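Okay, so here's the structure we're looking at.
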2 protein chains.
Amino acid sequence: MADSSTQGGETLLFLTDEQLRKGIEAMFFAYRGFTADPDRILDKHGYGRAHHRAIHFINREPGLTVTTLLSVLGVTKQSLNRVLRTLIDDGLVESRVGRKDKRARHLHLTPTGEALERELSGAQRERMRGAYRTAGPQAVAGFRQVLEAMMDPEMRRHYQMLKDDS
Amino acid sequence: MADSSTQGGETLLFLTDEQLRKGIEAMFFAYRGFTADPDRILDKHGYGRAHHRAIHFINREPGLTVTTLLSVLGVTKQSLNRVLRTLIDDGLVESRVGRKDKRARHLHLTPTGEALERELSGAQRERMRGAYRTAGPQAVAGFRQVLEAMMDPEMRRHYQMLKDDS
DNA sequence: TTGGAAAGTCAACAACACTGACATAAAGTC
DNA sequence: GACTTTATGTCAGTGTTGTTGACTTTCCAA
């Protein structure tokens, strides 16, 4: 390995600007691939990435409130509302008034919404699966570690909240 | 490690949907962090992410043509032109007519452009460096492998073209 | 009962992508 | 030399997704 050397248990990293730049470019190019498949599907249905993100997290945490979703996505409520509005009107998302707190709206996917979610995440999981297989299990662990370390603290909180079952 | 097991040299991957979803979410949250620092700097200067990307690749490959940049960035010429126009007008990028082929424009950063590039990439490299240190050298290798495997073939070509000196 | 949180909406605006059409110059080909 | 293709640039229009700011309604909780 060119970027590291081990010396008596201690590990040294030789991080040249060149290597850091490669990491930056890897993120850029990989993210394009990461979004390419869902983008094609979304286009067919007349939706965009913002719809995908909303659908993803509603599926992940059924019944989450608008405020929670807002903070996970890190956008303004006006921006989310536009997206949520179309998803609700189109019958993909259901907004239920809270039983305890009647101000809060709890979001759920309808069967139609779940169908689109499966279509989207299926494509994305396929790509992720392929990348994992190609790179191997050690690589996968490292991949997740670096990404987690790259997040802003608040985003890391959200990420860790949606923790593995494992 | 929960996602892998080693058995006599052979390594098996147990890729549950849950684990793939975590990978997807890691990409989403990490990409936000990845762009957060440059976004703040760009905002101060009145530029956006598109300007950053152009500056990055012009710096990486000085003298590259518009067509090459177009294909690396994967956007339309109209979209790139808007961005390039402002960078040239503001004196950050220089467009030189080709010596051999006079149709081609070769792009270079001016000293001012290089200064902004350093500011942007400095912030981004710092975050990348921090993540690398936290995750360790083995993680770094895996990170790059998975990302590379995730790219579309054409993007991977571009990525590999800008290969390490190492 | 009053303060503030949660949700929703209206309007305006900006960044950044797209399509389609068209213009110009220069290179390559027959 | 005529013709085609390539490289670049530009104009106009459109769509998605984000922003700020202002304002309302609902309703929990002290």
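Naming convention: chains lettered A, B, ... in sequence-line order (proteins, then strands); numbering from 1 in each chain. Small disclaimer: the values here were computed from a predicted structure and weren't measured.
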Relative to each other, are the rings of Tyr132(B) and Phe143(B) parallel, tilted or perpendicular (30° and 60° limits)?
perpendicular
Quick check on dT10(D): is either OP1 or OP2 less than 4.0 Å from any side-chain nitrogen or oxygen of Arg85(B)?
yes
Any donor-acceptor pair under 3.5 Å joining the side chain of Arg103(B) to the base of dA27(C)?
no
Specify the separation, in whole Å, of atom CG of Leu107(A) and atom P of dA6(C).
15 Å
Check: Thr65(A)/His106(A) side-chain N/O donor and acceptor closer than 3.5 Å
no
Along DNA chain C (nearest heavy atom to each residue), the more 5'-positioned of Thr65(A) and Arg32(A)
Thr65(A)
Please tell me which of the listed nucleotides, dG9(D), dT17(D), dA17(C), lies nearest to the side chain of Val66(B)?
dG9(D)
Any donor-acceptor pair under 3.5 Å between the side chain of Gln78(B) and the base of dG13(D)?
no
Hey, does the side chain of His51(B) come within less than 4.0 Å of dC16(C)'s phosphate (OP1/OP2), counting only N and O?
yes
Could you check whether Tyr159(A) and Arg144(A), counting side-chain N and O atoms only, form a donor-acceptor pair closer than 3.5 Å?
yes
Give the rounded distance in Å between these two atoms: CZ of Arg99(A) and P of dC27(D).
16 Å
Describe the nucleic acid contact of Lys100(A) in one word from base, sugar-phosphate, nothing, applying a heavy-atom distance below 4.0 Å.
sugar-phosphate
Rounded to whole Å, CG of Leu42(B) lies from C1' of dT19(D) at a distance of 16 Å
Quick one: does Arg82(B) reach the base of dA17(C) with a side-chain donor-acceptor pair under 3.5 Å?
yes
Distance only, no hydrogens: is a donor on one side chain within 3.5 Å (strictly under) of an acceptor on the other, for Glu25(B) and His56(A)?
yes
Are Phe57(A) and Phe28(B) close enough that their ring centres sit under 6.0 Å apart?
yes
side-chain N/O Thr76(A) vs dT19(D) OP1/OP2, d < 4.0 Å
yes
In this structure, how many angstroms lie between the C1' atom of dT16(D) and the NE2 atom of His52(A), rounded?
16 Å
Whole-Å distance separating the CG atom of Leu73(B) from the P atom of dC18(C):
10 Å
Looking only at side-chain N and O atoms, does Arg105(B) come under 4.0 Å of OP1 or OP2 in dA25(C)?
no
Can you check the Asp101(A) CG to dT26(D) P distance for me, whole Å?
15 Å
Over how many whole Å does the gap from Asp43(A) atom CG to dC18(C) atom P extend?
12 Å
Could you say whether His106(B) or Gly74(A) is positioned toward the 5' end of DNA chain D, judged by the nucleotide with the nearest heavy atom to each?
His106(B)
Return the nearest nucleotide to the side chain of Arg53(A); candidates are dC16(C), dA17(C), dT17(D).
dT17(D)
Pairing donors with acceptors under 3.5 angstrom, does anything connect the side chains of Gln160(B) and Glu148(B)?
yes
Checking contacts here: which listed nucleotide (dA27(C), dC28(D), dG8(C)) is nearest the side-chain heavy atoms of Lys102(A)?
dC28(D)
Whole angstrom value for the distance that separates C1' of dG18(D) from NZ of Lys77(A):
16 Å
OP1 or OP2 of dT17(D) under 4.0 Å from side-chain N/O of Ser79(A):
no
